[in-house]
**Q** 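Here's a structure for you.
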There are 2 protein chains.
Amino acid sequence: MPADCAQRRGGGGCAHCAARPFSVCASVPDADLHRLDALAETVTLAPGQALFREGDPATHVFNVTSGSVRTYRLLADGRRHIAGFLFAGDFIGLDPAEAHSLSGEAIEATTVCRFRKVAYRALMAERRELEAALLARAGDELAAARRQMLLLARKTAIERVASFLLDLPGADPLRPGPAGLVRLPMTRSEMADYLGLTLETVSRTLTRLKRGGLIRQVSLTEMRVEKPDALRMLADGDA
Amino acid sequence: MPADCAQRRGGGGCAHCAARPFSVCASVPDADLHRLDALAETVTLAPGQALFREGDPATHVFNVTSGSVRTYRLLADGRRHIAGFLFAGDFIGLDPAEAHSLSGEAIEATTVCRFRKVAYRALMAERRELEAALLARAGDELAAARRQMLLLARKTAIERVASFLLDLPGADPLRPGPAGLVRLPMTRSEMADYLGLTLETVSRTLTRLKRGGLIRQVSLTEMRVEKPDALRMLADGDA
DNA sequence: CGTTCTCTTGACCAGCATCAAAATTTGTGG
DNA sequence: CCACAAATTTTGATGCTGGTCAAGAGAACG
């Protein structure tokens with residue numbers, strides 16, 4: 001990571017962080033925020049820029065504060081699997097392994113908050129609410145991973161795309177923005193590598209959903225969910 | 001769960017537990033084993049018997065001590081996804097959710113060690129090595145889930161089956177039994193529901209691996225890995 | 001305003017699913 | 001221990017979903 005992308009911030013950063021309400025940092029009480037502030041570095045990433053690479057020593061943990069990140073692995077012959085998309089409030093670094101097992105890159109202009117792992121661990125040992133919050137995150141992530149495995153193992157293309165649209169922040173009332181409006185900052189190819197499909201199938205499937213009136217394309221990167229209940233049924237295989 | 005399947009054990013159970021060396025209990029020092037013993041109940045399960053069902057309140061955590069367990073979810077139309085197979089030493093209960101998101105059933109004659117969740121949490125708060133061990137488990141499980149997602153999203157049938165054979169305990173030198181001998185207590189249909197295939201494809205693929213001399217069928221439920229390196233290449237897509 | 005990248009759509013194809021039946025194993029009762 | 005019934009596995013024939021290959025239509029960017 002280029003040195004010019006990370007800088008120590010001025011005081012009071014965490015107190016004004018837009019992502020705090022829905023991040024693990026919410027577990028740190030306001031009175032102790034200076035402890036976080038002392039450890040936090042802000043990293044600014046341009047579209048496509050790498051945050052870490054598979055195999056790199058995992059010296060930091062991260063919190064996404066704005067924009068979006070993709071994490072992925074490649075097979076030897078170039079097949080790609082995108083493990084996840086991360087948005088404001090999402091935490092990276094639950095895996096205690098010494099080396100990153102995934103690469104992480106910004107999809108669009110993105111800022112993340114970075115902490116040295118050793119310092120963060122020390123803070124965790126002291127502020128046990130933070131540790132509890134991370135354990136809860138780990139549980140959530142495990143549950144999400146199981147839903148994704150079910151999707152990949154047993155759902156059809158249209159069920160996968162429907163599930164994907166509903167999983168993105170946009171339906172989530174905690175997050176900013178109008179409900180039902182889903183932003184898709186990633187390419188069709190990235191959706192495909194996340195859903196175990198090809199980009200052509202993703203494109204055709206989105207067209208099918210539009211034709212069926214379940215969603216409406218607002219712009220290339222924005223979809224409006226017109227029939228949330230029908231989409232949910234599809235996603236859950238209750239069709 | 002029938003009451004007659006769970007009984008408080010006699011003294012010294014944990015000290016003689018065959019699964020302890022490769023379970024989270026290993027993090028509890030011998031001197032404190034009586035604390036575990038005081039909380040542990042042994043549950044004996046017949047083949048096919050349920051340990052817990054999706055939706056049940058998750059009042060306990062479990063450690064498999066012998067035999068094997070399958071965890072799974074169903075879609076509305078009956079499609080099944082097996083989330084995982086659990087063997088001696090494996091822990092169930094990392095997910096902090098109030099209700100089980102999966103069903104768990106014994107595949108064969110199985111024993112598990114059961115703890116009330118609240119009591120276990122209390123022990124965790126006190127014995128932080130145990131908490132650390134569980135966090136490490138959560139990390140491992142997350143890493144395993146990511147490997148499985150890569151498998152389901154991007155690997156071919158033969159790569160999936162090769163990966164599966166190598167993931168089963170049998171190659172693991174920590175576990176008992178001759179290395180390279182893989183026991184398959186689950187049916188072809190269960191393997192299929194775990195690997196995102198059909199039972200016919202699993203059967204055909206095993207036949208292919210046998211024909212290629214990569215594995216040898218010792219019995220219906222046992223395979224010997226004849227060419228571990230070639231199988232590993234296949235599994236990793238380095239073919 | 002042209003170059004490039006992404007998305008959409010079409011034609012064709014392949015890997016795996018489905019349907020079907022035979023072979024093998026397992027379980028049960030006599 | 002054997003014979004029969006049930007379940008599982010294997011193998012074969014055929015089909016379909018989604019992949020591959022290809023071309024054209026928008027967007028994005030310099």
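Any value given below was found using the heavy atoms of this structure, including those in side chains, with hydrogens, waters and symmetry copies removed. Below, chains carry the letters A, B, ... as their sequence lines are ordered, and counting in each starts from 1. Small disclaimer: the values here were computed from a predicted structure and weren't measured.
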**Q** Using a heavy-atom distance cut-off of less than 4.0 Å, which residues of residues 72-86 of chain A contact DNA chain D?
**A**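 Result for residues 72-86 of chain A: none.
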**Q** Determine, for nucleotides 14-25 of chain D in 5'-to-3' order, which nucleotides have protein heavy atoms under 4.0 Å from the base (write B), from only the sugar-phosphate (write S), or from neither (write -).
**A** ----SSBB----
**Q** Taking N or O atoms only and anything under 3.5 Å, show me the protein contacts with nucleotides 6-9 of chain D, one pair per line.
**A**
residue, atom, partner, partner atom, Å
D:dT9, OP1, B:Arg188, N, 3.4
D:dT9, OP2, B:Arg188, N, 3.1

**Q** How close or far is atom P of C:dC7 from atom CG of A:Leu184, stated in whole angstroms?
**A**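 Spelled out: CG on A:Leu184 to P on C:dC7 is 10 Å.
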**Q** Restricting to salt bridge (Lys or Arg N to Asp or Glu O under 4.0 Å), what partner residues turn up for A:Arg160, sequence neighbours left out?
**A**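 A:Arg160 satisfies salt bridge (Lys or Arg N to Asp or Glu O under 4.0 Å) with no other residue.
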**Q** Please state how far atom CD in A:Glu222 lies from atom P in C:dC7, giving the value in whole angstrom units.
**A**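 Computing the A:Glu222:CD to C:dC7:P distance gives 15 Å.
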**Q** Are A:Phe91 and A:Phe62 an aromatic pair, judged by ring center distance below 6.0 Å?
**A**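 No - the distance between ring centres of A:Phe62 and A:Phe91 does not fall below the 6.0 Å cut-off.
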**Q** Output all residues satisfying side chain to side chain donor-acceptor pair (under 3.5 Å) with B:Glu105, sequence neighbours left out; order by chain, then residue number.
**A**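 Residues passing side chain to side chain donor-acceptor pair (under 3.5 Å) with B:Glu105: B:Arg70, B:Tyr72.
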**Q** For A:Thr65 and A:Thr111, what are the C-alpha separation, side-chain angles and deciding distance, and is it a side-chain hydrogen bond (donor to acceptor under 3.5 Å, both in side chains)?
**A** CA-CA 6 Å; A:Thr65 46; A:Thr111 55; 2.8 Å; yes
**Q** Considering residues at least two apart in sequence or located in another chain, which fulfil the ring pair (Phe, Tyr, Trp, His ring centres under 6.0 Å) criterion with B:Phe115?
**A**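 B:Tyr120.
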**Q** Quick check: does any side chain N or O of A:Arg154 sit under 3.5 Å from a backbone N or O of B:Arg79, one acting as donor and the other as acceptor?
**A**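 A pair under 3.5 Å: no.
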**Q** Check the pair B:Glu226, B:Lys210 against salt bridge (Lys or Arg N to Asp or Glu O under 4.0 Å), reporting the backbone distance first and the verdict last.
**A** CA-CA 9 Å; B:Glu226 298 282 358; B:Lys210 285 182 244 168; over 6 Å; no
